[in-house]
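Counting convention: from 1, in listed order, for ligands and their atoms alike.
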Amino acid sequence: MKKKHTNTRALIAYVTKSGVTRENASVIAGVLRDKYGLKVDLVDLRKTSSLSLAKYKNVIVGSGVRMGKVYKGAWKFLEKNDFKGKKVVLFLSCLEAGEPDSYDHAIKKYIQNTLTKYLQVKPLAAEAFGGRMKILGFTIKDNRNVEKVKAWAEELGKKLGK
Ligand SMILES: Cc1cc2nc3c(=O)[nH]c(=O)nc-3n(C[C@H](O)[C@H](O)[C@H](O)COP(=O)(O)O)c2cc1C
């Protein structure tokens, strides 16, 4: 009988309001699929009412930040699910993380002091990337760094592929 490789299936569950976290989720999914042959499902948490984590060994959770707060849908997702026995990975997209002067602050405030507080397990990896802010359709600040997202996903693939 053929052995099922369900243990390497990954979920990327994200919450986005202006699209950057979705873009980052797609970049990460692309690397994990193309370079590591992982099966990856992308789920927009604001468009999904119920989601079973039973088939996922690897769960990657992404969120944006507004007004000094990680999106509620992301921390609620961490709070309400049981991640025991799973590899959990966190990432953020926000302007503060895209600036060298405020990067450390963003990691501390949004990842260490917020997201990980809702998680019963220690995350396998956590990272914060830049964001893009538009007002009335005009981009007023964009400090995204797709190369950083790709490089991080490549390192992540090594840990998840095992
Ligand atoms: C109303 C508003 C408030 C924001 N507040 C913050 C903030 O407090 N800190 C920050 O780093 N970025 C802030 N941003 C920038 C967002 O983090 C950025 O738009 C990011 O791309 C959001 O992720 P998303 O595109 O996945 O929604 C704000 C953007 C908007 C539109």
Side-chain angles (χ1 to χ4, degrees), residues 9-35 38-51 53 56 58-81 83 86-119 121 123-157 159-160:
R9 193 177 191 101
L11 168 71
I12 306 184
Y14 61 87
V15 183
T16 187
K17 290 185 182 172
S18 13
V20 175
T21 308
R22 179 183 300 113
E23 292 164 25
N24 286 341
S26 308
V27 169
I28 296 164
V31 171
L32 297 180
R33 285 177 185 138
D34 299 346
K35 191 152 183 200
L38 293 180
K39 289 195 177 69
V40 184
D41 293 338
L42 280 167
V43 171
D44 182 338
L45 288 174
R46 292 175 94 204
K47 294 183 179 160
T48 310
S49 52
S50 70
L51 172 66
L53 303 188
Y56 301 107
N58 304 306
V59 182
I60 301 169
V61 181
S63 176
V65 167
R66 280 192 182 182
M67 311 300 280
K69 289 192 168 115
V70 175
Y71 296 154
K72 190 176 173 186
W75 63 257
K76 280 268 177 199
F77 178 75
L78 296 179
E79 187 183 49
K80 76 177 184 210
N81 284 289
F83 295 96
K86 300 185 193 298
K87 289 178 180 170
V88 186
V89 174
L90 306 170
F91 74 94
L92 284 182
S93 324
C94 69
L95 289 179
E96 286 168 84
E99 299 297 320
D101 288 350
S102 51
Y103 169 80
D104 289 345
H105 166 80
I107 290 281
K108 202 166 175 201
K109 183 172 180 190
Y110 304 125
I111 292 190
Q112 292 167 359
N113 292 349
T114 306
L115 290 178
T116 48
K117 292 265 151 83
Y118 293 97
L119 205 52
V121 298
L124 177 75
E127 187 53 286
F129 306 109
R132 179 185 56 221
M133 189 165 182
K134 284 186 184 177
I135 291 183
L136 299 174
F138 292 97
T139 300
I140 56 161
K141 180 104 188 164
D142 184 349
N143 59 20
R144 289 171 302 147
N145 182 345
V146 178
E147 290 311 312
K148 180 178 169 178
V149 181
K150 274 190 195 157
W152 179 76
E154 296 207 356
E155 288 306 308
L156 184 64
K159 297 181 199 167
L160 295 181

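No side-chain N or O of Y14 forms a donor-acceptor pair with one of N24 less than 3.5 Å apart.
For G64, no nitrogen or oxygen atom sits less than 3.5 Å from a nitrogen or oxygen atom of ligand 1, counting backbone and side chain alike. Among the atoms of G68, some N or O lies under 3.5 angstrom from an N or O of ligand 1. Considering both main-chain and side-chain atoms, V15 never comes within under 3.5 Å of ligand 1 through any nitrogen or oxygen pair. Residue G131 has no nitrogen or oxygen atom sitting less than 3.5 Å from a nitrogen or oxygen atom of ligand 1, judged on distance alone. At least one N or O atom of K17, backbone or side chain, sits closer than 3.5 Å to an N or O atom of ligand 1.
By heavy-atom distance, the residue among R132, K134, K141 lying nearest atom 19 (O) of ligand 1 is R132.
Atoms of ligand 1 found under 4.0 Å from any heavy atom of S93 (numbered from 1 in listed order, with element): 17 (O), 20 (C), 22 (C), 23 (O). Under a 4.0 Å criterion applied to the non-hydrogen atoms of L95, ligand 1 contributes the atoms 10 (C), 11 (O), 12 (N), 15 (C), 17 (O). Interface of G19 with ligand 1, defined as ligand atoms under 4.0 Å from a residue heavy atom, comprises 24 (P), 25 (O).
When hydrogens are left out, the protein atom nearest atom 24 (P) of ligand 1 is T16 OG1, 3.4 Å; that is the closest non-hydrogen contact. Protein heavy atom in closest approach to atom 11 (O) of ligand 1: E96 N, 2.8 Å. Protein heavy atom closest to atom 13 (C) of ligand 1, with residue, atom name and distance, is V65 O, 3.5 Å. Closest protein heavy atom to atom 5 (N) of ligand 1: M67 N, 2.8 Å. Looking from atom 25 (O) of ligand 1 to the surrounding protein, the closest heavy atom is V20 N, 2.9 Å. For atom 1 (C) of ligand 1, the closest non-hydrogen atom of the protein is R66 CD, 4.0 Å.
Proximity of V149 to I28: side-chain heavy atoms (C-beta onward) are separated by under 4.5 Å at one or more points. Proximity of L124 to L160: side-chain heavy atoms (C-beta onward) are separated by under 4.5 Å at one or more points. Considering only heavy atoms from C-beta on, V146 stays 4.5 Å or farther from F129 through its side chain. Looking only at side-chain heavy atoms (C-beta outward), I60 and L32 come within less than 4.5 Å of each other.
We find that R144 and E23 are joined by a salt bridge, their nearest charged nitrogen and carboxylate oxygen being less than 4.0 Å apart.
Ring geometry for W152 versus F91: interplanar angle of 30 to 60°, hence tilted.
Closest heavy-atom contact between K159 and K87: O-NZ, 3.1 Å. Closest heavy-atom contact between V20 and S93: CG1-CB, 3.8 Å.
More than 12 heavy atoms of other shown residues, nucleotides or ligands fall within 6.0 angstrom of atom NZ in K17.
Assignment of Y71 to the shell around ligand 1 is supported, since a heavy atom sits closer than 4.0 Å.
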